[in-house]
Structures are given as C-alpha cells and as structure tokens.
Amino acid sequence: MRPRGLVDLRGREHGPAVLGYPAGAVVVVSGLPGSGKSTLLNRWSGSAVVVDPRTAHVEYQDRMPSWLPYAVYRPWVRLQHVRRLRAHVRSGRPVLVHDCGSRSWMRRWLARSADRQRRELHLVLLAVDAADALAGQEKRGRWVPGRVFDRHRRGLTRLLLALSVQGAAVVPEAASVVLLDRTLREHVVALEFGPDRVAGPRPETPERPPAPPTATPAHVVVTRRRRDPRAPEPAS
C-alpha cells in the first residue's frame, strides 16, 4: 500500500504487509509511550535510518554522574536530538522519526525541512488506548512520569478526534496519515521507499511537415487600373 491522505486501518483483521513511500520520505511514527513505537521502528530499521530521542538521552545519561537529575541536562539532550534530526533530513535519504505525536510544531518543522528538498512528510500513528500503553511500559520495564504520560495522552486524544471529524486536513504538513491499532501494528512488517512512478523516456513528438507555399488563388485576377483621361498629367 502506498498511503495518501488519511488511511484508517483500525478495526480490521488483516492489513498491508508493506507500506510504500516516495524515495527520501520522512516518516514520523507517533503514539503514546508504551504503544509499540520502538518495536515498529526496530522492525522497519532495515529500510531507513531511525532517529530516536532516547538515543541522545542514553548517551548523556552515561556521561553524567548518577546523582545529577535528568531535568538539569535535558535541554542539551533535546538540542542534540534536533541536530541529528536536521542532519539526517538534509542527507536526502529516507528517515524514520520516533515522536510522541502530541507536538505539532515538531511535525511542521520536519515538514518544512523536508519540503526544502522536495521531499514528503508522512505520519504513522499508533492509536492504542492508555491501558495498553501502560501495559507496554510495564512489559519493557521503563516508565514515563505520570504527568508526561497524561500530557501526551491529551494531545493524541485531541489529534485523533480531529482526524475523525476533519480527516487529513488536520495535519496539512503530512502527505499521508496511517492509523494503526494494536492488531494492525503487527501486520505491517516492512516499509519500502521508492519513486511513485517509473520514470521512462519522454515520447518523441513527431515533427510537423512544413506548410506548403502560399499561392495566389486561381480565381483572383489582378487588373491594372486605367488612368482617367480628364485627370492632369503627373509632373515630371
């Protein structure tokens, strides 16, 4: 499937095994913490580079003393993540972005950055309810603070409601929005990046034959006007 616009796959028993996107597309995978974004990105990582904010988080965490709260160096973590995003988007290669989905400014910024290179932004949204997301956090043994989880939940709830009412127009920066539930997220096993259509040689335009020379129609008779004898002779 090559998604365009809003593609709601929720509630189905079967779905596409592969999602196809244009070459160099930026695909943002969003959802609640614990909804399965990391699992999907790991599954799809063979087709594009994955940019995950947790990578920068872990790198800084290893450098900092254990007694230093994360809130102290969080701005540097975010700055490093944004720098990596910008570098990968500018590379021209396809990019997979791990994002919570509740920050619309991030999508708009990515869309502008991609559009400068005539590339598209696409969104894959995991529409998993809060209970399933919390169960996912428990399974992985990594919890998000309650206030942070609630903020993401409110933002995604508003986004899903707006999508159900207004469609893809709610996210004008994205060329497509794919909605997956906990069942369909297991069906999409891969992503493919390539051109929308196969570019072939332009057909040659046949040359027009030269127009025939214009001839005087046979019925046109050219006559010489006779001079009036009463008119004066022209001066010499």
Side-chain angles (χ1 to χ4, degrees), residues 1-21 25-55 57-58 94-104 106-107 110 121-171 173-193:
M1 174 185 289
R2 302 188 69 87
R4 306 298 297 184
L6 178 62
V7 181
D8 191 350
L9 300 177
R10 295 175 296 175
R12 302 186 184 185
E13 295 183 358
H14 302 283
V18 179
L19 294 178
Y21 294 100
V26 178
V27 180
V28 179
V29 180
S30 300
L32 289 174
S35 61
K37 299 187 298 296
S38 297
T39 302
L40 271 184
L41 289 169
N42 288 335
R43 188 189 306 162
W44 298 344
S45 60
S47 59
V49 63
V50 176
V51 185
D52 189 336
R54 180 160 179 78
T55 303
H57 183 181
V58 172
V95 182
L96 296 174
V97 182
H98 183 293
D99 187 65
C100 64
S102 59
R103 298 175 295 187
S104 58
M106 175 65 78
R107 291 194 305 270
L110 285 170
L121 179 79
H122 296 261
L123 177 63
V124 176
L125 182 57
L126 298 180
V128 175
D129 60 29
D132 288 334
L134 291 172
Q137 293 185 48
E138 183 177 7
K139 182 178 180 180
R140 72 185 183 184
R142 192 170 69 245
W143 296 88
V144 173
R147 59 182 180 79
V148 176
F149 183 84
D150 289 339
R151 184 174 71 248
H152 292 330
R153 179 179 55 82
R154 290 192 298 269
L156 284 174
T157 299
R158 289 193 297 268
L159 177 58
L160 286 171
L161 179 61
L163 285 169
S164 64
V165 175
Q166 304 178 44
V170 176
V171 193
E173 64 271 13
S176 74
V177 181
V178 177
L179 301 181
L180 301 176
D181 57 18
R182 58 181 299 181
T183 299
L184 266 294
R185 73 185 176 189
E186 307 301 330
H187 286 253
V188 185
V189 297
L191 300 186
E192 289 183 354
F193 293 87

For the atom pair [atom1] ([X]) and [atom2] ([Y]), what is the distance rounded to the nearest 0.5 Å?
| X | Y | atom1 | atom2 | answer |
| --- | --- | --- | --- | --- |
| Leu180 | Glu186 | CG | CD | 10.0 Å |
| Glu173 | His122 | CD | NE2 | 12.5 Å |
| Arg12 | Asp181 | CZ | CG | 10.5 Å |
| Arg107 | Leu121 | CZ | CG | 8.5 Å |
| Lys37 | Leu32 | NZ | CG | 7.0 Å |

* Within a radius of less than 6.0 Å around CD of Glu192, do more than 12 heavy atoms belonging to other residues, nucleotides or ligands occur? -> no
* For Arg43, does the CZ atom sit with more than 12 other heavy atoms under 6.0 Å from it, leaving out its own atoms? -> yes
Within-4.5 Å side-chain heavy-atom neighbours: [X] and [Y]:
| X | Y | answer |
| --- | --- | --- |
| Val178 | Met1 | no |
| Pro3 | Tyr21 | yes |
| Ser164 | Asp8 | no |
| Leu125 | Leu160 | yes |
| Val171 | Leu163 | yes |
| Leu184 | His187 | yes |
| Leu179 | Leu6 | yes |

Contact summary for [X] and [Y], nearest pair of heavy atoms:
| X | Y | answer |
| --- | --- | --- |
| Phe149 | Pro33 | CE1-O, 3.7 Å |
| Arg142 | Arg140 | O-NE, 3.0 Å |
| Trp44 | Leu96 | O-CD1, 3.7 Å |
| Gln137 | Trp143 | OE1-CA, 3.4 Å |
| Ser45 | Val50 | CB-CG2, 3.8 Å |

* Would Arg185 and Val128 count as a side chain to side chain contact (heavy atoms under 4.5 Å, CB included) if you check the C-alpha gap in whole Å, the side-chain angles of each, and the deciding distance to 0.1 Å? -> CA-CA 10 Å; Arg185 73 185 176 189; Val128 175; 3.8 Å; yes
* Would you please test Ser30 and Leu123 for side chain to side chain contact (heavy atoms under 4.5 Å, CB included) and show each step? => CA-CA 7 Å; Ser30 300; Leu123 177 63; 3.4 Å; yes
* To do: Check the pair Arg153, Asp150 against salt bridge (charged side-chain N to carboxylate O under 4.0 Å, His left out), reporting the backbone distance first and the verdict last.
  => CA-CA 5 Å; Arg153 179 179 55 82; Asp150 289 339; 3.6 Å; yes
* Excluding sequence neighbours, so at least two apart, what forms side chain to side chain contact (heavy atoms under 4.5 Å, CB included) with Thr55? -> Asp52, Glu59, Arg84
